[in-house]
Amino acid sequence: MHMNELIKEINKMKMSQNEANIQFQKKKAFVRLSLGESVYAIILRGILSDLIVFTLIFIIEKAILSRFVFTGFRARFVLWICLGSLLINSALYLTMAKYDYKEVMYGANIRQSLLSDSYLIKAVLMLLIIISLSENVLLIKSNYRFAEAYSKIDRLTDYYSIRAETENSFIPPEEYEPSFEEEEAKENALALAERRLFLKAYSEDRVLLSVSFAELDEPILFINKAAVEALASDASFLKASDKDFVVYVPESKRETITDEDIAFASGTCARILFGMRDHTCETVFYEHTEMIYFDLQNGAILANGFERLTDPIMVLCNVPDEKALLLAENEDSPYSFGASFWNICFSSTASTRSLGECGFVKEIKRISVKEQCFENRSRIIRAVILGVTISAFLCVFCLLISGSAVRAEYMINSKRIALKKILGYGLVSRNRNTLVFNAVTVLAGLGIAVILTVLFKLAPIKMMLLCGAALLLMDLILVTLMMARTEKKNTANGLRGGCL
């Protein structure tokens with residue numbers, strides 16, 4: 001939810017609350033009129049007090065929101081919305097210019113139509129609240145997964161991605177015209193140097209591997225033991241094996257995975273990472289884990305530099321160290337890492353000698369994995385905080401709406417409720433209609449929200465039903481508590497006839 005949407009919701013709340021309050025305050029205003037005070041002075045005082053309060057609220061809202069989001073987006077539009085709300089709010093005070101003595105003294109000015117309007121407004125606002133709350137919960141959930149992953153990435157202080165800047169990087173494209181043979185020779189030499197660097201670091205346990213070069217409906221992760229221990233939510237699925245590669249498949253995919261899929265996953269890992277044409281492989285099924293993998297190519301695929309997958313297909317590299325060193329000397333290796341080499345995390349002690357031996361490599365950069373992934377951390381944390389704040393505001397909004405409905409209900413039906421209390425009816429029994437009407441308004445908003453979700457795919461229906469059920473339960477509890485509080489204050493006054 002953007003700032004302008006939030007401010008529009010707040011203005012709706014202010015106006016609906018103020019309309020009810022003006023009706024409730026007419027008795028107090030009538031006393032002032034009977035003592036000789038001008039009706040226009042009362043109206044002007046109300047307008048000015050609301051103007052001051054609303055302006056202060058707007059300034060405070062903007063100051064708070066500016067700490068978490070950019071508040072300049074469509075600022076003129078937001079300003080016009082606020083000014084329009086103030087004008088409408090001021091116009092509501094004009095209804096105080098005309099009084100009827102009997103209506104005011106006996107509470108008849110609080111008509112049944114006000115109660116109907118309160119429930120109608122509540123139903124509409126419940127629709128908006130349920131949709132907004134569902135989207136905010138999803139936003140909080142998705143961003144929290146990233147925020148939680150940072151606790152693991154924060155420990156990767158000794159790992160870096162390595163990038164070789166060739167002489168081509170320092171020459172403008174229009175001035176560089178290499179021959180095809182020359183360019184191909186350099187690419188092959190760089191690919192061989194990168195593979196030697198990786199295999200040597202792999203054999204010395206100086207690499208953290210959690211990348212994806214292929215997918216089967218979702219990314220296939222190529223990992224090593226160090227990555228599982230550092231990045232997995234649960235590493236207990238690891239199994240000792242003497243095979244070159246172990247393909248870990250979640251139990252949920254046991255019936256759908258095929259031998260061809262497993263051969264594709266292990267074969268891709270063997271060819272791209274190790275340059276192997278022949279390899280041994282074992283398949284292991286596991287229950288559950290969550291695994292982080294990296295994309296450090298300037299966010300080419302993953303905007304945050306990493307992703308956290310639940311129950312992915314993973315290929316564990318289990319190639320013996322001696323075999324990896326022998327493969328490093330094999331020059332007959334047609335496969336190249338390309339830009340994906342940047343996604344591999346190397347220890348600070350990993351040697352870059354093989355890259356330095358390439359005469360056309362002018363600079364070797366080590367870029368901290370932690371720093372690359374933490375570039376968007378503050379934005380994600382702000383999004384979580386803002387989502388929680390908006391969700392809390394929507395719940396408070398729901399409380400205020402229910403309070404207005406209960407207050408109007410007691411102003412209209414105070415005598416009936418008071419008599420039921422004298423006759424021994426319990427709190428719930430004598431207020432059954434109020435509870436039913438409040439429940440119906442929430443269910444009506446939820447029903448329309450579900451229909452709109454089916455038509456426009458606004459949010460998962462399951463999430464919307466959970467939010468609707470939570471709001472219904474919260475609303476019934478709060479309405480019951482407010483009824484008990486309001487009844488305690490108004491019963492005696494109702495029995496006296498509702499006069500001042």
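Since the structure is predicted, the reported quantities are computational estimates derived from the model, not experimental observations. For the numbers below, each heavy atom of this structure counts, side chains included, while hydrogens, waters and symmetry mates do not.
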Examine the side chains of T289 and D234 and answer whether a donor and an acceptor come within less than 3.5 Å of each other. no

Show your working on side-chain contact (heavy atoms from CB on, under 4.5 Å) between R206 and F346 and close with a plain yes or no. CA-CA 6 Å; R206 294 178 179 176; F346 293 94; over 6 Å; no

Identify the heavy atoms of T268 and F264 that sit nearest to each other, and give their distance. OG1-O, 2.7 Å

Assess the residue pair L231 and L208 against the criterion (side-chain contact (heavy atoms from CB on, under 4.5 Å)); give the C-alpha distance rounded to whole Å, side-chain angles, the decisive distance to 0.1 Å, and a yes or no. CA-CA 10 Å; L231 303 173; L208 188 144; 3.8 Å; yes

Side chains of L355 and L190: does their closest heavy-atom pair fall under 4.5 Å? yes

Non-hydrogen side-chain atoms of I223 and Y293 separated by less than 4.5 Å: no

Tell me whether Y202 contacts the main-chain N or O of N224 through its side chain, where contact means a donor paired with an acceptor under 3.5 Å. no

Give a yes or no on whether R353 atom CZ has more than 12 heavy-atom contacts from other residues, nucleotides or ligands under 6.0 Å away. no

Verify the neighbour count for atom CD of E215: are there more than 12 heavy atoms of other residues, nucleotides or ligands below 6.0 Å? yes

Where is the tightest heavy-atom contact between P460 and L138, given as atom of each residue plus distance? CD-CD1, 3.1 Å

Output for pair (R195 CZ, L273 CG), nearest 0.5 Å, gives 7.5 Å

Any idea which heavy atoms bring R155 and S151 closest together, and the distance? NH1-O, 3.4 Å

Y159 and F294: ring pair (Phe, Tyr, Trp, His ring centres under 6.0 Å), yes or no, with the steps? CA-CA 12 Å; Y159 285 95; F294 295 103; 9.3 Å; no

Testing N438, L127, I129, V440 for side-chain contact (heavy atoms from CB on, under 4.5 Å) with K122, which one passes? N438

Which of parallel (below 30°), tilted (30 to 60°) and perpendicular (above 60°) describes Y119 and F437? tilted

Is a side-chain donor or acceptor of S354 paired with a backbone partner of A193 at a separation under 3.5 angstrom? yes

S203 side chain to A324 backbone, donor-acceptor under 3.5 Å: no

Apply salt bridge (charged side-chain N to carboxylate O under 4.0 Å, His left out) to residues K253 and E218 and explain how you reach the verdict. CA-CA 12 Å; K253 293 184 172 64; E218 62 180 30; 3.4 Å; yes

If you apply the rule salt bridge (charged side-chain N to carboxylate O under 4.0 Å, His left out), what do you find for K323 with D244, and how did you get there? CA-CA 10 Å; K323 190 173 184 177; D244 292 332; 3.0 Å; yes

Using the rule given for side-chain contact (heavy atoms from CB on, under 4.5 Å), can you reason through H279 versus F274, listing the C-alpha separation, both sets of side-chain angles and the distance that settles it, and then say yes or no? CA-CA 10 Å; H279 65 280; F274 294 87; over 6 Å; no

Which residue, D475, L478, T441, L481, forms the side-chain contact (heavy atoms from CB on, under 4.5 Å) with S402? D475

Is it the case that more than 12 heavy atoms not belonging to K225 sit under 6.0 Å from its NZ atom? no

